[in-house]
Protein chains: 2
Amino acid sequence: MTDKKDKNTEENIITAAERVFIDKGMDGARMQHIADEAGINKALLHYYYRSKQKLFNIVFTTAFKAFAPDLIKVFQREGDFFSKLRNFVKTYLDVLERNPHIPGFILHEIRHKPDQLIQLVGGLNLDIDVVIRQIEEEIQAGRIKPIDPKQLMIHIVSLCIFPIVAKPMLTAVLFKTDSDACEKALNERKDLIADFIINSIKL
Amino acid sequence: MTDKKDKNTEENIITAAERVFIDKGMDGARMQHIADEAGINKALLHYYYRSKQKLFNIVFTTAFKAFAPDLIKVFQREGDFFSKLRNFVKTYLDVLERNPHIPGFILHEIRHKPDQLIQLVGGLNLDIDVVIRQIEEEIQAGRIKPIDPKQLMIHIVSLCIFPIVAKPMLTAVLFKTDSDACEKALNERKDLIADFIINSIKL
DNA sequence: GTCTATAAGGTGATAGAC
DNA sequence: GTCTATCACCTTATAGAC
């Protein structure tokens, strides 16, 4: 229904499947709906991708890669730790801003599927160790307060991801349904989050 | 009226419905499954609650009340702000620990249902204004650094809720599938979160 | 109140014409 | 490759016996 400027059907299906699966989830998604979105017949979905499950797996894997922060890219560059941290928050929030529904989708679909998760995580190279090592170095060098590196990482991703997942709730509860105000506040966090973290750990 | 046996069908259904809906979500839940959990026949569900949707609404409302932090209870007491903050984190994390699947359930089901959300939020008295006012007072009294009160509240709930929603992911990515280690780390956060926040905002 | 049986409509998947 | 038609099954909900 969206882009009649056909590239090929195969890609159209994936694009449509991403929209529907990420919006409705595996259980809520309907093959008919995906076919409509792709502007094709339902039977073609099975011709190209055999089953709903196989189609979902492709979408899920793609979404997960977009969701997993690219830690190496930021933390293996030159520069001081605080700069890297600011850079990471900014970069990651930009990614999530372009894919605002992915975090909720991933977090929902991942429940009770540790096998699929483990397989995916093994496939990707997330290199959290690079970050952990750098945090330890900062502590030993006396540049930040002592803190469990993993707990600090949990702090960081929590502050980045949660507001995006909880945006509808924040809009309703904290901003009295003023979605523009909420939108604006979440945007400001691109700088605020790093400030908040650095204030807490700096010596 | 007098039969207050532990086998009250009406309550059994709700308990079973909570288990199934919170675990599987509205789309993934099956009336047959709920009936099995309650140890009764599927038709009885409709006898007592008419439709799947009505049953879901009851479960959702109950879950939302458990999810919404009881701000008044903590922040209207006597004491300094930091104590209240520590108290809130501890209390809220205890609530979530007893209902670990509720945050993910609520966050998933709330997507694209702002109407239901608004109605619920209006019904509850969350009294975020009490907290906002106290934060502003702390700033004006020069006891904490200047900060947007709403942003601080987003920080706080993010740090509390996200790790619980993302626990499977954290277990896999950060703790290399060692779920005991993850469990232990999340428990330590009951004190760590408040420390982290206070470190950041204290003067 | 609780059950069995079944209606009524949806859903993933396939067969076969073109 | 793409379509129409259809199958086989599943799911919510109701009817009616007891």
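Only this structure's heavy atoms are used, side chains among them; waters, hydrogens and symmetry mates stay out. Residue numbering restarts at 1 for every chain, and letters A, B, ... go by the order of the sequence lines.
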Self-check item: All salt bridge (Lys or Arg N to Asp or Glu O under 4.0 Å) counterparts of B:K84, not counting sequence neighbours
Solution: none
Exercise. Rounded off to whole Å, could you give me the CG-to-P distance for the A:D27 and D:dC10 pair?
Key: 16 Å
Practice problem: Check the pair A:D23 / A:F105 against side-chain contact (heavy atoms from CB on, under 4.5 Å), numbers first and verdict last. | Solution: CA-CA 7 Å; A:D23 190 49; A:F105 169 69; over 6 Å; no
Practice problem: Describe the nucleic acid contact of B:A35 in one word from base, sugar-phosphate, nothing, applying a heavy-atom distance below 4.0 Å. | Solution: nothing
Donor-acceptor contacts, no H, no angles, side chain residues 171-178 of chain A, under 3.5 Å, sequence neighbours left out:
from: A:T171; atom 1: OG1; to: A:K167; atom 2: O; distance (Å): 2.7
from: A:D178; atom 1: OD1; to: A:D180; atom 2: N; distance (Å): 3.2
from: A:D178; atom 1: OD1; to: A:A181; atom 2: N; distance (Å): 3.1

Practice problem: Any chance you could measure A:C160, atom SG, to A:Y92, atom OH, to the nearest 0.5 Å? | Solution: 7.5 Å
Practice problem: Measure from CD1 on A:I40 to P on D:dT4 and round the result to the nearest Å. | Solution: 12 Å
Practice problem: Round to a whole Å and report the spacing from CD of B:E10 to C1' of C:dT2. | Solution: 14 Å
Quiz prompt | Among A:E136, A:E137, A:E138, the one residue meeting salt bridge (charged side-chain N to carboxylate O under 4.0 Å, His left out) with A:R143 | solution = A:E138
Exercise. Identify, residue by residue, the members of residues 42-54 of chain B with a heavy atom below 4.0 Å from DNA chain C, and return them in order of residue number, or none.
Key: B:A43, B:L44, B:Y47, B:Y48
Exercise. Rounded off to whole Å, could you give me the CD-to-P distance for the B:Q32 and D:dT14 pair?
Key: 16 Å
Quiz item: Between B:N57 and B:Q53, do the side chains contain an N or O donor and an N or O acceptor separated by less than 3.5 Å?
Solution: yes
Quiz item: With respect to the side chain of B:T9, which nucleotide from D:dC3, C:dG12, C:dT2 is positioned closest?
Solution: C:dT2
Quiz item: Expressed in angstrom and rounded to an integer, what is the separation of A:F56 atom CZ from C:dG12 atom C1'?
Solution: 16 Å
Practice problem: Rounded off to whole Å, could you give me the NE2-to-P distance for the A:H33 and C:dG12 pair? | Solution: 12 Å
Quiz item: In whole angstroms, how far is the C1' atom of C:dG10 from the CZ atom of A:R30?
Solution: 8 Å
Quiz item: Between A:M31 (CE) and D:dC9 (C1'), how many Å, whole number?
Solution: 16 Å
